[in-house]
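What follows is a set of notes on a single structure, which appears directly below.
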Amino acid sequence: MAFESFREFVLQLEREGELIRISQPVATELEITALADRQMKSPGGGKALLIEQPTVNGRVSPFPLVINTLGSWKRMALSMNANSVGEVAAELGSLMKAKPPTSFREAIKLLGTALDLRHAKPKAVKSGPCKDVIHRFEESGRVGKRESEREAGPPSHLPSGAVRLSQTSPTPPTLLNLPIQKCWPLDGGRFITLPCVVTQDPDTGERNVGMYRIQIYDERTTGMHWQLQKVGARHGRRYYETGTRMPVAVFLGGDPLFTFAATAPLPDGLDEFLLAGYLRKKSVELVKCETNELEVPANADFVVEGYVDPREPLRQEGPFGDHTGYYTLPEPYPVFHVTAITHRRDAIYPATIVGMPPMEDFYLGSASAKLFLPVFKMNFPEIVDIALPAEGVFHNLVFVSIRKSYPMQAYKIMHGLWGMGQMMFTKYIVVVDEDVNVHSTSEVLFHLCANTDPQRDSIFTKGPADVLDHATSEIAIGTKLGIDATRKLAGEGHQRGWPPLIQMDEVTRKKMDALIA
């Protein structure tokens, strides 16, 4: 069954022995990071942490905080209500094999069809728990049309018993009393680290849900760190071209699969709520925001509504201790102005941290690789498996195994992967034979060292780079290295016979296994 609240998921983690409660006050400034980092670097990803009394500037926040909820294979599977992520990937793969595509365009279309097969389409509802408490910020005392209508009586979409807060309320929800962390000592401020950011293409109306960190400037403004190649940034450029105000909505919590879908490498134009609906086996119910026309999950824990104004200058954002293991330095980004905050009465604030690997994002990235492996295989049927090692900090390093049948096939795979979505950011691709376990870094490195002549078996190419990569000479522009660590065939420049790998014969191995069983 789908999780109808983030709290429901947290309680399930506790029942499964995957959660540690911490009852004493813990500061959102650095202290939560120190606790979470210890868990994330524990074997298997450690446990999720429920901080019951997070403090902000020494005062206890009215909202508990939970972190590292998706930081293990077991917790990722629990979020999908499955025994394993591989089980979900196999099911999606079987759906897509029903009609093999003849092109990449067909593969993407088929992916959308497969996701839509099971009650996956989101559906609109009038209201939901995310509107239990509604706090609107008005500009210069102006009252909008929808607010005026409320004075005559509550609108039909307002939930029964909803708490409506004005700016004069004693403890209204603002960006200053939510338990938003300052994660690392040199961070430029507090950052929302698990925001699902909803934007809309002004030309096509297509929705995107992405995850872009949000730096808090004050109670009503933040930075909006959508990077150059992200869909949210593409939407933003269209608004900047026309000079019109861009509506934005940020939500946190709800079903944990919303978070996963926001990080998944879906093709531009394919709705993340479609993926979430497919995975949770239930349509995502969406409710319209209070101050703009965007839709957000009705069961989200928090919703922060607002806009980006193309007419105002960009503002410095950062530094931020990033997934690269280094701080990203300040850069100019758009300013997000908050017009309303709504939340559940029983809201729990979801958080994560990034930094020196391994971290929680390793499991999110690896789960995406497993889930979308069928898509890769439809375009490259020789692919056996793909792995994103933790040391590659999400996408810098990719290991891929193939069934090799002709010369230079490994290079075909390298170029093909670099051309697929976020794989364009991959700095190093190592291709190995089908009998190599790509999830064992030690095994891959052995075959890389044993099977390659560096000059013959390597290729450099140029392409887009991750904006967060501090090592490139220019921002967002870099080079890539591909290494063919497969056995060499005739025509690949190897003029000698290829030796067999040392292995014990099966009869002797089984006999000795029985001897010491």
*Would you verify whether the NZ or CZ of R315 falls within 45 degrees of the ring axis of Y333 while also being under 6.0 Å from that six-membered ring's centre?*
no
*Taking side chain as C-beta onward, heavy atoms only, is Q39 less than 4.5 Å from L49?*
yes
*Taking the six-membered ring for Trp, is the centroid-to-centroid distance between F251 and F302 below 6.0 Å?*
no
*Specify whether W73 and F362 have parallel, tilted or perpendicular ring planes, treating 30° as the upper limit for parallel and 60° as the lower limit for perpendicular.*
perpendicular
*Less than 4.5 Å apart, any side-chain heavy atom of H470 and any of T328?*
no
*Hey, are D187 and K182 close enough for a salt bridge, meaning a charged N less than 4.0 Å from a carboxylate O?*
no
*I would like to know whether D466 and K427 meet salt bridge (Lys or Arg N to Asp or Glu O under 4.0 Å); could you show each step before the answer?*
CA-CA 9 Å; D466 188 352; K427 292 205 282 189; over 6 Å; no
*Could you state the interatomic distance from CD (E16) to CG (L11), rounded to the nearest 0.5 Å?*
12.0 Å
*Charged N-O contact under 4.0 Å between R207 and D271*: yes
*Give a yes or no on whether the ring-centroid distance for Y349 and F6 is below 6.0 angstrom.*
no
*asked:* As an exercise, state the distance from CD of E305 to CD1 of I341, rounded to the nearest 0.5 Å.
replied: 9.5 Å
*Rounded to the nearest 0.5 Å, how far apart are CZ of R280 and CZ of F260?*
14.5 Å
*Could you check R234 against D201 for salt bridge (Lys or Arg N to Asp or Glu O under 4.0 Å), going step by step and ending with a plain yes or no?*
CA-CA 8 Å; R234 181 178 68 76; D201 188 310; 3.0 Å; yes
*Spell out, as yes or no, whether a donor-acceptor pair under 3.5 Å connects the side chain of T426 to the backbone of H395.*
yes
*asked:* I'd like to know if the side chain of T193 and the backbone of T352 have a donor-acceptor N/O pair within less than 3.5 Å.
replied: yes
_Step-by-step side chain to side chain contact (heavy atoms under 4.5 Å, CB included) determination, N299 to S5_ = CA-CA 6 Å; N299 67 1; S5 71; 5.6 Å; no
_I'd like to check the side chain to side chain donor-acceptor pair (under 3.5 Å) partners of N68; sequence neighbours left out, ordered by chain and number._
none
*Look up atom NE2 in H235 and atom OG1 in T204, then write down how far apart they are to the nearest 0.5 Å.*
6.0 Å
*Residues two or more places apart in sequence or in another chain: which of them pass side chain to side chain donor-acceptor pair (under 3.5 Å) with H323?*
none
*Who are the ring-ring contact (aromatic ring centres under 6.0 Å, His included) partners of H439, not counting sequence neighbours?*
none
*Look only at the side chain of T342 and the backbone of C130, and say whether a donor-acceptor pair between them is shorter than 3.5 Å.*
yes
*Please find out if less than 6.0 Å separates the ring center of Y327 from that of W184.*
no
*Check: L417 and I429 side chains under 4.5 Å, non-hydrogen atoms*: yes
*asked:* Using only atom types and a distance under 3.5 Å, with no angle test, would you say the side chain of Q215 pairs donor to acceptor with the backbone of G318?
replied: yes
*Apply ring-ring contact (aromatic ring centres under 6.0 Å, His included) to H337 and F137, showing your working.*
CA-CA 10 Å; H337 295 267; F137 296 91; over 10 Å; no
*Look at R21 together with E14 and state whether they make a salt bridge at an N to O cut-off of under 4.0 Å.*
yes
*For the side chain of Q200 and the backbone of G205, is there at least one donor-acceptor N/O pair under 3.5 Å apart?*
yes
*Passes salt bridge (Lys or Arg N to Asp or Glu O under 4.0 Å), D346 versus R7? Steps please.*
CA-CA 8 Å; D346 61 349; R7 179 177 292 271; 3.7 Å; yes
*To the nearest 0.5 angstrom, please state how far the CG atom of L275 sits from the CG atom of L371.*
6.5 Å
*Taking side chain as C-beta onward, heavy atoms only, is F191 less than 4.5 Å from Q181?*
no
*asked:* Whether the side chain of D301 engages the backbone of H343 through a donor-acceptor N/O pair (distance < 3.5 Å, no angle test) should be reported.
replied: no
_Can you tell me how far apart CZ (R75) and CG (L19) are? Round to the nearest 0.5 Å._
8.5 Å
*Would you call I353 and M359 a side-chain contact if the rule is heavy atoms closer than 4.5 Å?*
yes
*Is there a donor-acceptor contact under 3.5 Å from the side chain of E272 to the main chain of V209?*
yes
*Between Y212 and H225, does the ring centre distance come in under 6.0 Å?*
no
